[in-house]
A.B. asks: 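My structure is below; once you've seen it, I'll send some questions.
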Amino acid sequence: QVQLVESGGGLVQAGGSLRLSCAASGRTARSYAMGWFRQAPGKEREFVAAIRWSGGDTLYADSVKGRFTISRDNARNTVYLQMNSLKPEDTAVYYCAAGTTVTVTGPLYDYWGQGTQVTVSS
């Protein structure tokens with residue numbers, strides 16, 4: 001079992017920044033790839049970014065490339081999502097997920113956090 005706890009969401013003006021954190025725990029947490037997804041009201045969940053614990057391979061959605069950065073702190077078992085130049089369309093609940101491979105496909109992730117709200121005002 002892997003437990004994931006997100007934090008760092010909030011309200012920010014357009015152009016601002018936020019950093020989300022995802023703390024992972026559990027005996028096998030470090031063997032997983034970690035992803036961030038988001039879901040806006042009335043929309044389907046969409047992939048944002050993913051990273052592998054070992055090696056640091058990353059993957060980004062086109063909509064966030066150049067603005068968001070995913071990173072990991074192995075010592076803290078924590079994955080971060082640094083979000084810069086935020087836009088109102090980035091408003092969503094952001095979820096952290098753990099899976100066996102770095103992929104954009106949500107159903108391939110085995111564990112999910114409870115989500116953290118990000119609201120970007122215009």
A.B. asks: What's the spacing between L20 CG and Y80 OH if we round to 0.5 Å?
C.D. replies: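 Nearest 0.5 Å value for the CG-OH distance: 12.0 Å.
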A.B. asks: Please tell me if the side chains of M83 and V118 come closer than 4.5 Å, counting only heavy atoms from C-beta onward.
C.D. replies: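 In contact.
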A.B. asks: List in chain and number order the residues that pass salt bridge (charged side-chain N to carboxylate O under 4.0 Å, His left out) with R76, two or more places apart in sequence or in another chain; answer none if no residue qualifies.
C.D. replies: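 In terms of salt bridge (charged side-chain N to carboxylate O under 4.0 Å, His left out), with neighbours along the sequence ignored, R76 is linked to D73.
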A.B. asks: Taking it one step at a time, do S25 and Q3 satisfy side-chain hydrogen bond (donor to acceptor under 3.5 Å, both in side chains)?
C.D. replies: CA-CA 5 Å; S25 61; Q3 294 79 42; 3.3 Å; yes
A.B. asks: Heavy-atom count around Q114 CD within 6.0 Å, excluding the residue itself: above 12?
C.D. replies: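 Check passes, neighbour count above 12.
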A.B. asks: Enter the distance from L86:CG to S17:OG here, rounded to the nearest 0.5 Å.
C.D. replies: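 These two atoms lie 6.0 Å from each other.
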A.B. asks: What are the two closest heavy atoms between M34 and C22, and how far apart are they?
C.D. replies: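 Smallest heavy-atom distance, with atoms named: CE-SG, 3.9 Å.
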A.B. asks: For the residue pair R19 and S71, establish whether any side-chain heavy-atom pair is separated by less than 4.5 Å.
C.D. replies: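 The answer is no, as the side chains (C-beta and beyond) never meet within the 4.5 Å cut-off.
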A.B. asks: Determine whether L59 and F47 make a side-chain contact, defined as any pair of heavy atoms from C-beta on separated by less than 4.5 Å.
C.D. replies: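 Yes; the side chains approach each other to less than 4.5 Å.
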A.B. asks: In this structure, would V102 and W112 fall into the same cluster of hydrophobic residues linked by side-chain contacts under 4.5 Å?
C.D. replies: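 Yes; tracing contacts between hydrophobic side chains, which count when under 4.5 Å, links both residues.
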A.B. asks: Can you measure from CG (D110) to OG1 (T100) and round to the nearest 0.5 angstrom?
C.D. replies: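 Atom-to-atom, D110:CG and T100:OG1 are 6.0 Å apart.
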A.B. asks: Kindly give the cluster partners of L108, where membership spreads through any ILVMFWY side chain lying under 4.5 Å from a current member.
C.D. replies: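 Once heavy-atom contacts under 4.5 Å are chained together, L108 still belongs with nothing else.
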A.B. asks: In sequence, state the C-alpha distance, the side-chain angles, and the governing distance for Q117 and T91, and then conclude on side chain to side chain contact (heavy atoms under 4.5 Å, CB included).
C.D. replies: CA-CA 8 Å; Q117 176 71 46; T91 294; 4.0 Å; yes
A.B. asks: I'd like to know if the side chain of R67 reaches the main chain of S85, judged simply by a donor and an acceptor atom lying under 3.5 Å from each other, with no hydrogens or angles considered.
C.D. replies: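 Side chain of R67 to backbone of S85: a pair is present.
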A.B. asks: Looking only at atom types and distance, does a side-chain atom of T119 sit under 3.5 Å from a main-chain N or O of L11, one as donor and one as acceptor?
C.D. replies: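 Pair absent, no side-chain N/O of T119 close to backbone of L11.
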A.B. asks: Look at the side chain of Y109 and the backbone N and O of T103, then say whether any donor-acceptor pair between them is shorter than 3.5 Å.
C.D. replies: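 Confirmed, Y109 side chain pairs with T103 backbone.
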A.B. asks: Decide, yes or no, whether a salt bridge links K65 with D62 under the criterion of side-chain N to carboxylate O below 4.0 Å.
C.D. replies: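 Looking at K65 and D62, the cut-off is met.
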A.B. asks: Considering all heavy atoms of both residues, which atom of S122 and which atom of P88 are nearest to each other, and what is their separation?
C.D. replies: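 Minimum heavy-atom separation between S122 and P88: CB-CG, 3.9 Å.
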A.B. asks: Mind checking whether V104 and F68 sit in one hydrophobic cluster, side chains of I, L, V, M, F, W, Y counted as touching below 4.5 Å?
C.D. replies: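 Looking at the clustering, F68 is in a separate group from V104.
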A.B. asks: Quick one, T69 and L81 - any side-chain contact, counting heavy atoms below 4.5 Å?
C.D. replies: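 They are not in contact (no side-chain heavy atoms under 4.5 Å apart), so the answer is no.
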A.B. asks: Where do V48 and Y94 land on the side chain to side chain contact (heavy atoms under 4.5 Å, CB included) test, with the steps shown first?
C.D. replies: CA-CA 9 Å; V48 176; Y94 283 70; 4.3 Å; yes
A.B. asks: Would you name the heavy atoms of A92 and R38 that are closest together and state the gap between them?
C.D. replies: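 Answer, listing the atom of A92 first, then R38: CB-CB, 3.8 Å.
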A.B. asks: Could you tell me whether Y95 and F37 have their ring centroids closer than 6.0 angstrom?
C.D. replies: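 Ring-ring flag for Y95/F37: false, centres at least 6.0 Å apart.
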A.B. asks: Under 3.5 Å, is there a donor-acceptor pair between the side chain of Y60 and the main chain of I70?
C.D. replies: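 Judged by distance alone, yes, a pair lies under 3.5 Å.
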A.B. asks: Is there a donor-acceptor pair closer than 3.5 Å between any side-chain N or O of Q39 and the backbone N or O of V93?
C.D. replies: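 The answer is no, because no donor-acceptor pair under 3.5 Å joins these two groups.
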A.B. asks: Does C96 offer a backbone N or O that forms a donor-acceptor pair with the side chain of E6 under 3.5 Å?
C.D. replies: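 Between the backbone of C96 and the side chain of E6 there is a qualifying donor-acceptor contact (under 3.5 Å).
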A.B. asks: Treating R72 as the side-chain partner and W53 as the backbone partner, does any N or O pair qualify as donor plus acceptor under 3.5 Å?
C.D. replies: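 Yes, because the side chain of R72 sits within donor-acceptor range (under 3.5 Å) of the backbone of W53.
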